[in-house]
Amino acid sequence: MTDIIDDLAWRGLIAQSTDLDALRASMAKAPITVYSGFDPTAPSLHIGHFVPLLTLRRLQDAGHHPIGLVGGATGLIGDPSGRNTERSLNSAEIVAEWVERLRGQVGKFLDFDAEANPARLVSNLDWTGELSAIDFLRDIGKHFPVNRMLARESVSARLAGEGLSYTEFSYQILQSNDYLELFRRYDCTLQIGGSDQWGNITAGADLIRRVEGGHVHVLTQPLITKADGTKFGKTAGGALWLDPEMTSPYAFYQYFLNSDDRDVIHYLKVFTFRSREEIEELEKAVAERPFAREAQRTLAEDLTELLHGRAELDAVVAASKALFGQGSLDELHAATLAAALAEVPKAAVPELGAAFVDLLADSGLVESKSAARRAVKEGGAYLNNVKITDESYVPAVSDLLAGRFMVLRRGKKSIGGVEVG
Ligand SMILES: N[C@@H](Cc1ccc(O)cc1)C(=O)O
């Protein structure tokens, strides 16, 4: 028999935890309540947040009660965990706006209509906003020995470096008080978060023990890594955001489609709801037919559909195929083309009139004009998937896609673009 803890462990979703057997026993007895918190430090969550967010959903699917917490209060203070510099404070208006956006994103992946175990969405401003300074210092602060606060990694690392303000030093007390509050209100006995949250979460468990005599659980999750040593979730354009206005569905899809063979199985475990059997099949596919990239396609499709829905996935798959010559470019929408071409070397020209070879060189797809001429001579240069053989060809209005784009290709794989106007 395997349970949800075995499943999480198999997926590589457990970094550190309090006694797992105690947690397992408690979960086997009755459904428990679990929470994870998300601070509004940007207008959108990013791919890293997807790990605890989808884990909440996995726990809900296993029958437990999930709570998504948005940091309406903590977002005003700033978590020093995992950061070596002090954050600059955002205005209350900005934080409030980001809280609303995050509510929408967190809410999207939890089930609020589940009959037995509907999800909850809360903001810690609801109980922290009304807390007076006197009550905070007397009722909560009294339970925090400063020596223990100083010993926590998030604080000690900063003290060894540039230091930190009293504001950020106090952050762990606020997060601890959240856990206490949710323990009292909803009998919440598990908090999950990224591995940098160990200090904040165990501080909460300590507080609950001191104040209520309660025994609660802690589970942290590993940072996702890349086999090539570069940072996971970073694109040329910055972080991989969940908001489609900040990271286009096309860029999101391509990011996962391009996963390394050494990473893709791990990512399938972390980011999809595929079963162990299915993932083991895909693992075999990677070993036997790596060129077919079945695992990468499954990962990119599952994740894009989960985040952006079926229609967006279809548009993105059509765009990817068309760009590489396996479908019609004419049917692509301007937004999809713009998103697709945002990721490739591109020339921007005010109007038509330049020769194809000049555009090829301008875009950066080939190093020079002579390389562009060579590509045409060799029969390896394409405009909108049509091979160009005339070195003096000048693209015309009829070559424009959606009125302003052209897709350049060098050989089978290298794509570039031109935007006119
Ligand atoms: N400190 C968490 C967010 C959080 C906020 C409040 C909590 O109660 C829990 C978690 C982070 O930065 O990722």
Side-chain angles (χ1 to χ4, degrees), residues 15-16 33-56 59 66-90 95-96 98-99 101-103 105-106 110 119-129 131 136 140 144 149 152-155 157-158 164 167-186 188-208 211 216-224 233 239 241-242:
Q16 262 183 293
T33 299
V34 47
Y35 101 93
S36 191
F38 303 89
D39 267 353
T41 52
S44 170
L45 296 178
H46 57 67
I47 191 69
H49 293 119
F50 230 38
V51 178
L53 190 48
L54 293 186
T55 302
L56 280 184
L59 289 161
I67 300 176
L69 177 146
V70 177
T74 39
L76 290 166
I77 303 304
D79 189 352
S81 306
R83 293 179 53 103
N84 46 27
T85 54
E86 179 90 11
R87 292 173 191 269
S88 51
L89 292 175
N90 293 311
V95 172
W98 291 352
V99 162
R101 286 162 150 268
L102 261 55
R103 269 185 196 276
Q105 292 186 333
V106 173
L110 301 176
R120 284 179 206 280
L121 193 54
V122 298
S123 166
N124 54 16
L125 193 61
D126 293 351
W127 53 85
T128 314
L131 206 60
F136 174 74
I140 310 164
F144 284 79
M149 292 177 71
R152 300 203 190 278
E153 167 72 21
S154 56
V155 173
R158 280 281 285 279
L164 80 174
T167 308
E168 288 195 3
F169 179 56
S170 316
Y171 186 97
Q172 55 176 285
I173 302 185
L174 292 182
Q175 185 166 337
S176 300
N177 188 50
D178 291 344
Y179 200 177
L180 175 62
E181 192 65 33
L182 295 176
F183 174 77
R184 284 178 173 152
R185 289 188 184 198
Y186 306 117
C188 178
T189 54
L190 173 62
Q191 183 180 168
I192 65 173
S195 52
D196 62 348
Q197 295 298 309
W198 178 256
N200 288 340
I201 304 180
T202 50
D206 287 349
L207 179 66
I208 291 169
V211 177
V216 297
H217 309 276
V218 180
L219 191 156
T220 62
Q221 309 195 273
L223 275 186
I224 308 299
W241 301 102
L242 302 193

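Counting convention: from 1, in listed order, for ligands and their atoms alike. The figures that follow rest on heavy atoms only: side chains count, while hydrogens, waters and symmetry mates do not. Keep in mind that this is a model prediction, so the values were computed, not measured.
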Looking at Leu45, is its backbone amide N or carbonyl O close enough to the side chain of Gln105 to form a donor-acceptor pair, meaning the two atoms are under 3.5 Å apart? yes

Hey, does the side chain of Asp39 reach the backbone of Thr41 with a donor-acceptor pair shorter than 3.5 angstrom? no

The test is salt bridge (Lys or Arg N to Asp or Glu O under 4.0 Å); show your working for Arg152 and Asp196 and say whether it passes. CA-CA 11 Å; Arg152 300 203 190 278; Asp196 62 348; over 6 Å; no

Candidate pair Glu168 and Arg158, rule salt bridge (Lys or Arg N to Asp or Glu O under 4.0 Å), full reasoning: CA-CA 10 Å; Glu168 288 195 3; Arg158 280 281 285 279; 3.0 Å; yes

Could you walk me through whether Thr33 and Phe183 pass side-chain contact (heavy atoms from CB on, under 4.5 Å), step by step? CA-CA 9 Å; Thr33 299; Phe183 174 77; over 6 Å; no

Donor-acceptor pair, side chain of Tyr179 and main chain of Ala203, under 3.5 angstrom: no

Which N or O atoms of ligand 1 sit under 3.5 Å from a protein N or O, and how far apart is each pair?
unit_1, atom_1, unit_2, atom_2, d
ligand 1, 1 (N), Asp79, OD2, 2.8
ligand 1, 1 (N), Tyr171, OH, 2.8
ligand 1, 1 (N), Gln175, OE1, 2.8
ligand 1, 1 (N), Gln197, OE1, 3.0
ligand 1, 8 (O), Tyr35, OH, 2.7
ligand 1, 8 (O), Asp178, OD2, 2.5
ligand 1, 12 (O), Asp79, OD2, 3.2

